[in-house]
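Heads up, the thing below is written out as structure tokens.
All of these numbers come straight from a predicted model, not from anything done at the bench. Start at 1 and go down the list; that is how both ligands and their atoms are numbered. Values below: all heavy atoms of this structure, side chains included; hydrogens, waters and symmetry mates excluded. We're numbering straight along the sequence, starting at 1.
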Amino acid sequence: MPRRLLTLLILINLNFGAAVTAQSTDFRWESVAPGVWKAVVGQSDRITPLAVAGITPRIDRLKSLGEPAFPDVLAGSSHQSVDGKTYLRFPLQKEEQLFGLGLNFKTVQQRGQIKTLHVDHYNGKDNGRTHAPVPFYVSSLGYGVLINSARYITVYAGTAVRIDSPNLPPEKDRNTQRDWSAQPYSDAVDILVPASGTEVYIFAGRSPMEVVQRYNLYNGGGVLPPKWGLGFTHRTPTLFSDKQILAEVADFEAKGYPLSFVGLEPGWQSRSYPNSFVWDSTRFPKPQQFLDALRQKEIRANLWINPYVSSHSPIFKDILPYTGSHMVWVGRVPDFTLPKAQALYKQLFTQQHLSMGISGYKVDEVDGYDHWLWPDVATFPSGIPAEQMRQIYGLQFQKMTDSWFRERNQRTYGLVRGSNAGASALPYVIYNDYYDHHDFITALCTSSFIGVLWTPEARSSKTSEEWLRRMQSVCFSPMAMLNAWADGTKPWTFADVAQDVKEVMQLRMQLLPYLYTTFAQYHFDGKPPIRAMHLVDGFSAVSQTTEGRLNSTDNPYAMAATKDLNDQFMVGDYVLVAPMFAGQSKRTVWLPAGKWYDFYTGQLVGEAQLIEISPGLSHIPLFVKDGGIIPMLPPRLHTPNKQETLPLIVRHYGTKETSWSLYDDDGETYDYERGLFSWTPLTVKRNRQGKLVGSWTQPRTPGFHYTSISWQFMTP
Ligand code: GAL
């Protein structure tokens with residue numbers, strides 16, 4: 001070997017060896033809440049997602065989940081400081097699967113992926129650039145890891161092989177060995193935080209669901225929306241005037257389509273992109289009268305905005321000292337980490353919107369994308385680097401607006417396009433412009449691991465079939481929304497499916513008591529309202545048998561676990577939703593352990609197995625777990641207000657005796673945080689003749705809105 005090459009090799013080897021062993025240190029975990037630990041590595045940034053979200057951990061509720069020990073499998077985690085950056089390493093077991101790592105649209109399972117977590121408009125690839133790139137992952141072995149940093153973090157989720165790995169994969173010869181793999185087995189998650197330090201949190205749990213519960217409870221418990229937020233919402237065409245919107249609302253009513261709130265798109269403002277934040281006097285000459293007219297019809301109004309300030313806005317001059325070095329659509333970019341910037345917004349928004357009765361916002365363009373937003377070389381008066389500003393901008397806007405509504409003791413529920421860790425308690429649902437029905441359903445699944453809500457909004461469609469399928473899906477999501485801002489599609493636009501669309505919208509309204517209780521579980525217990533199958537009892541992401549054939553009869557879970565199950569999900573404890581997509585006449589559905597029944601007929605459909613269904617166009621396939629209790633309202637056009645009391649219809653499915661608690665409160669204020677709410681056990685037992693009978697006792701606690709209960713036993 002030539003001498004020069006030999007010297008070079010020795011040098012490389014020396015450097016490599018030194019880097020591997022240098023200062024790799026164990027974490028110092030400190031218990032911060034039952035089942036939650038924190039470690040600070042190096043010098044952590046002042047701006048972190050949890051700090052911006054201003055979380056208040058629900059210690060009382062965390063205690064009631066138990067006090068598990070620190071997860072054994074994380075012994076051997078380590079960190080290093082190299083070149084002013086922080087490297088983190090967490091071990092992985094052979095059978096382990098990973099979930100989370102942001103709002104993903106293609107796959108639910110994350111092991112084997114590499115992501116640079118970066119707030120951005122989603123653009124077709126699960127590469128970390130997404131609306132909520134939450135640096136949190138959940139393991140099938142029952143723990144979660146959160147990197148509380150507002151940096152562009154890179155996660156190698158079980159891709160890298162290190163020379164000192166205790167589970168080195170064997171070296172193979174590609175020429176001769178057919179099982180040579182381009183991605184050899186990796187036994188760790190490696191994380192690069194491009195900063196001199198970070199906070200790391202560990203969440204324990206007996207199951208992935210319990211980990212997610214702890215994560216959400218640590219963040220303050222999930223949001224409990226106002227009841228009207230769970231009705232149906234329609235966003236009107238962007239340049240509609242007050243009269244046109246009122247006419248549209250009247251149309252919904254006349255044609256019998258439910259509606260709870262309308263969304264006003266950019267044209268409500270005198271200027272937008274950048275924004276004046278004040279009403280356009282030609283389209284909305286008397287905004288107060290307009291909003292009062294809507295409220296008389298039990299309809300709330302939501303305003304579209306983006307945060308960038310026009311020179312025509314009344315706050316323009318005052319906000320200038322609190323804005324960044326770069327513009328967005330030639331509008332100023334406020335630095336909301338500064339109280340002065342927040343105060344100017346609060347004053348204008350209160351006077352122009354909140355005090356007139358606006359119910360919430362759609363906060364657009366706080367995600368990206370790079371060609372529109374400020375570059376990473378932008379500077380802000382607070383001194384916070386552009387990268388961190390990008391990672392927290394949408395989160396901060398959510399927190400700021402939430403606090404305004406809280407001060408008025410008025411719940412809000414809106415839309416946002418950028419979020420991050422710590423958002424569980426914030427009253428916002430994520431949406432975007434990437435209009436793919438299947439991927440939108442995957443996002444419903446992935447949202448459930450990371451404490452955010454997502455809506456697969458319906459906008460337009462090429463065919464009536466697609467329209468119906470999209471409207472069916474959106475009615476089983478955290479916000480049932482038709483976004484007609486661009487083309488004015490109405491629920492009844494496709495005449496041949498108009499009746500089916502109406503029925504699924506009505507079903508959404510009827511399910512309000514079930515949905516509201518499901519959200520109360522999010523708030524009080526941290527259980528997300530939409531649940532990926534991997535979070536469901538009786539469905540295991542880890543294969544039960546590793547030997548033998550992977551078929552759906554002997555080993556359904558192993559098979560489902562190898563497939564990425566991204567097209568079905570649960571709403572609450574009992575309802576399994578298996579959406580249909582345009583062009584599909586049949587599909588398969590994975591039923592977890594226990595018996596499952598058809599929602600519409602009450603008939604048994606299967607148990608712990610893969611079924612194939614051909615449901616026809618008119619219904620979205622829904623299945624109910626044995627013993628499922630579904631409280632429903634009679635059909636109605638608007639969500640009930642806090643004065644109304646109503647009869648309740650309670651459905652029971654299957655053959656099991658059950659008890660399930662129905663939640664209720666005033667549905668509009670934060671009084672539930674002061675204990676003004678009720679949980680009512682709904683119980684089904686067999687009588688002496690062996691017949692199922694339902695019972696309940698009217699609660700004495702405040703906020704119960706039901707006058708009577710009639711039981712429907714769906715399974716003959
Ligand atoms: C987009 C947004 C749409 C609509 C539109 C209005 O950015 O995603 O939903 O609001 O702006 O200009």
Problem - Residues which pass ring-ring contact (aromatic ring centres under 6.0 Å, His included) with Tyr514, listed by chain and number, not counting sequence neighbours - result: Trp660
Completion exercise
Counting only non-hydrogen atoms and a 4.0 Å cut-off, the residues near ligand 1 are Glu265, Pro266, Tyr273, Trp304, Lys362, Asp364, Glu365, Arg417, Tyr431, Asp433, Arg459, Asn483, Trp485
Exercise for the section: Before accepting this row, confirm whether a basic side-chain N of the pair Arg417/Asp364 lies closer than 4.0 Å to the acidic partner's carboxylate O. Expected result: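 So Arg417 pairs with Asp364 through a salt bridge.
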Problem - Quiz item: cation-pi between Arg470 and Tyr435, 6.0 Å / 45° - result: yes
Handout entry: Within 6.0 Å of CZ in Arg271, more than 12 heavy atoms from elsewhere
Key = no
Problem - Candidates Arg235, Lys297, Lys490 - the one meeting salt bridge (charged side-chain N to carboxylate O under 4.0 Å, His left out) with Glu248 - result: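 Exactly one pass, corresponding to Lys490.
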Practice task
Check Gln289, Arg295, Gln288 against Asp292 for a side chain to side chain donor-acceptor pair (under 3.5 Å) and give me the one that passes.
Solution key: Gln288
